[in-house]
Amino acid sequence: MNEKRDQLEQRDTELQAKAAEPNITSDLDTYRATMKTLSEIEQVVSKYRELKSVRKRIADAREMLRSDDEMRELAELELAELEPKEPLLEQEIRLLLQPKDPNDEKNVFVEIRAGTGGDEASLFAAEVMRMYIRYAESKRWKVDITDANYSAVNGIKDATLQIDGNKVYSRLKFESGVHRVQRVPQTETQGRIHTSAITVAVLPEVEDIDIQINEKDLRIDTFCSSGPGGQSVNTTYSAVRMTHLPTGVVVSCQDEKSQIKNRQKALRVLKARLYDIERLKREAELSATRKGMIGSGDRSEKIRTYNFPQDRVTDHRIGLAVHNLPDVMNGSLDVIIEPLIAHFQAEKLREAVEAK
């Protein structure tokens, strides 16, 4: 372990020197590659240097404790402060050195579908879509609604968001699953609390090298766009419905006025869905018992309940209860996402330790 850390530290020193060379920016590809590698290792190198500093100060304090009675009290205070830091830094570095999810850096498609609950489910689906849009805006990510089918009560039956930004998948990957809402619907006259559900699927965007699609396996239909406003709505056949014949997966896109742009976007969503199908298939093959189901984003699982009468959001995977529901629905999701990331990182580390 220490050998690997030393190698990373040496690599960081070499790259820092390279980045400081006067002519580095003349070769943009080399410059970008250098800075990218530096950004990938800087966190673990920084923690390792902090750990080495703490260890040296601990050794100095212990030496002072043995050799200088006058400085004993100061040495004891120093040790009391430093000794708890060492195992915490060790754990942080172990986490940072764990293999990263190759999809963490990718942009995503978020698919939201109304489930059980009729009109109330479609209304909640629209609210959850807004919640993710507001969260993305708080992170300065770019959001597009690539497709949406609206219900008669201004809710959504299903919708797809395209979210581009920095490490989007790493933040949203644990959102996949069944989201349940408990509240009194607007149409309820007797004040009874109803339970409805929607599903969320977070799919990493894939490159052409990740998955190939044969043109002959596609059926492409065009139709008039539908939805709120716009001069081109219901006048031109710009919307696209794309069907992957071998799997039966269907994707629609209608947010652009150009049919060509809608075809391009639909193909990107289709690739993401097919990639996700293959990913889940591989996971099932690797683990028949599905030990990792809690973090796999399995669609059949109820992951979260939004209880409006009690002003509470509960994430069932980690037993987390958060109050101030209006803030959460307005996009303040880090109070849930941060504990989820910490939990699954700890699980990953525990599994790695047990496997040794």
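Everything numeric here is computed off the predicted structure, so don't read it as measured data.
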Who clusters with L28? Use side-chain heavy atoms, under 4.5 angstrom, across I, L, V, M, F, W and Y, and order the result by chain and number.
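Members alongside L28: none; it stands by itself.
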
Going from OG1 on T146 to CG on N262, what distance comes out if it is rounded to the nearest 0.5 angstrom?
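It comes to 9.0 Å.
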
So, taking the atom named NE2 in H179 and the one named CD1 in I198, what distance separates them when rounded to the nearest 0.5 Å?
6.0 Å

Derivation of the side-chain contact (heavy atoms from CB on, under 4.5 Å) call for K265 and V240
CA-CA 9 Å; K265 282 193 173 183; V240 171; over 6 Å; no

State plainly whether one hydrophobic cluster holds both F308 and I193, where clusters connect Ile, Leu, Val, Met, Phe, Trp and Tyr through side-chain heavy atoms under 4.5 angstrom apart.
no

So with a 6.0 Å cut-off around CZ of R268, is the heavy-atom count from everything else above 12?
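Enclosed.
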
Residue from Q10, Q16, K18 passing side chain to side chain donor-acceptor pair (under 3.5 Å) with E14:
Q10

Do side-chain atoms of R317 reach the backbone of F174 as a donor and acceptor pair under 3.5 angstrom?
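Side chain of R317 to backbone of F174: a pair is present.
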
Could you work out, with side-chain hydrogen bond (donor to acceptor under 3.5 Å, both in side chains) as the rule, every residue matching K56, not counting sequence neighbours?
D60

Got a sec: does the CG of N154 have more than 12 other heavy atoms crowding it under 6.0 Å?
no

With sequence neighbours excluded, what pairs up with R72 under the side-chain contact (heavy atoms from CB on, under 4.5 Å) test?
L65, D69, E76

Test your reading of the model: is there a side-chain donor-acceptor pair from T305 to the backbone of N307, 3.5 Å cut-off?
no

For the student: nearest non-hydrogen atoms of K36 and S39, plus distance:
O-OG, 2.7 Å

Could you pull out every donor-acceptor pair under 3.5 Å between side chains of residues 77-89 and any protein atom, sequence neighbours left out?
from	atom 1	to	atom 2	distance (Å)
E78	OE2	R57	NE	3.4
E78	OE2	R57	NH2	3.4
E83	OE2	R62	NH2	2.9
E86	OE2	R55	NE	3.1

Starting at CD of E127, measure out to CD1 of I112 and round the result to the nearest 0.5 Å.
11.5 Å

Supply the members, apart from V153, of the Ile/Leu/Val/Met/Phe/Trp/Tyr cluster built from side-chain contacts under 4.5 Å; use none for a lone residue.
L123

Closest non-hydrogen contact found for V202 with L172 is CG2-O, 3.4 Å

E175: which residues meet the side-chain hydrogen bond (donor to acceptor under 3.5 Å, both in side chains) condition with it, sequence neighbours left out?
Y132, R304

Where the side chain of Q254 meets the backbone of R241, is there a donor-acceptor pair that is under 3.5 Å apart?
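Checking the backbone N and O of R241 against the side chain of Q254, no donor-acceptor pair under 3.5 Å is found.
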
So, does S67 use its side chain to make a donor-acceptor pair with the main chain of E63 at under 3.5 Å?
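Present.
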
Search all heavy atoms of A121 against all heavy atoms of T116 and return the closest pair with its distance.
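Reported closest heavy-atom pair: CB-O, 3.5 Å.
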
Please report the interatomic distance CD(Q264) to OG(S258), rounded to the nearest 0.5 Å.
7.5 Å

Which residues pass the side-chain hydrogen bond (donor to acceptor under 3.5 Å, both in side chains) test with S151, not counting sequence neighbours?
S122

Is R5 salt-bridged to E90, cutoff N-O under 4.0 Å?
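Looking at R5 and E90, the cut-off is met.
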
With side-chain contact (heavy atoms from CB on, under 4.5 Å) as the criterion, how do T222 and Q259 come out once you've worked through the C-alpha distance, each side chain's angles and the decisive distance to 0.1 Å?
CA-CA 8 Å; T222 58; Q259 185 186 122; 3.5 Å; yes

Non-hydrogen atoms of I24 and A19 that approach each other most closely:
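The pair with the smallest heavy-atom distance is CG2-O, 3.6 Å.
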
Taking the side chain as C-beta and beyond, is there a heavy-atom pair between P326 and D311 under 4.5 Å?
yes

Please tabulate, one pair per line, all N/O donor-acceptor pairs under 3.5 Å involving side-chain atoms of residues 245-253, not counting sequence neighbours.
from	atom 1	to	atom 2	distance (Å)
T247	OG1	H244	ND1	2.7
T247	OG1	V249	N	3.3

Does the S53 side chain pair with the main chain of R49, one donor and one acceptor, at a distance under 3.5 Å?
no

Salt bridge (charged side-chain N to carboxylate O under 4.0 Å, His left out) contacts touching residues 19-28 (sequence neighbours left out):
none

All pairs passing ring pair (Phe, Tyr, Trp, His ring centres under 6.0 Å) where residues 59-101 contributes a residue, at least two apart
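Qualifying pairs: none.
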
If hydrophobic clusters are built from ILVMFWY residues whose side chains come within less than 4.5 Å, do Y48 and I41 share one?
yes

Does G165 offer a backbone N or O that forms a donor-acceptor pair with the side chain of N107 under 3.5 Å?
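Yes; at least one donor-acceptor contact below 3.5 Å.
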
Interatomic distance, E111 atom CD to L203 atom CG [nearest 0.5 angstrom]:
4.5 Å

Donor-acceptor list for residues 327-341 side chains, cut-off 3.5 Å, not counting sequence neighbours:
from	atom 1	to	atom 2	distance (Å)
D327	OD2	N324	ND2	3.1
N330	OD1	R130	NH1	3.3
N330	OD1	R130	NH2	3.0
N330	OD1	R134	NH1	3.1
S332	OG	D327	O	3.4
D334	OD1	Y135	OH	2.7
D334	OD1	R171	NH2	2.8
D334	OD2	K139	NZ	2.8
E338	OE2	R171	NH1	3.3
E338	OE2	R171	NH2	2.9

F109: what forms a ring pair (Phe, Tyr, Trp, His ring centres under 6.0 Å) with it, not counting sequence neighbours?
none

Counting only heavy atoms not in K157, do more than 12 sit closer than 6.0 Å to its NZ atom?
no

Output the distance between atom CG (D315) and atom CD1 (I318), rounded to the nearest 0.5 Å.
5.0 Å

Honestly, is K271 close enough over Y275, meaning NZ or CZ under 6.0 Å from the six-membered ring centre and within 45° of the axis?
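No, a cation-pi geometry is absent between K271 and Y275.
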
Sidechain-backbone polar pair: T160 side chain, D147 backbone, donor-acceptor under 3.5 Å:
no

Do you know the tightest heavy-atom contact between I163 and A136?
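Smallest interatomic distance, heavy atoms only, reads CG2-CB, 4.1 Å.
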
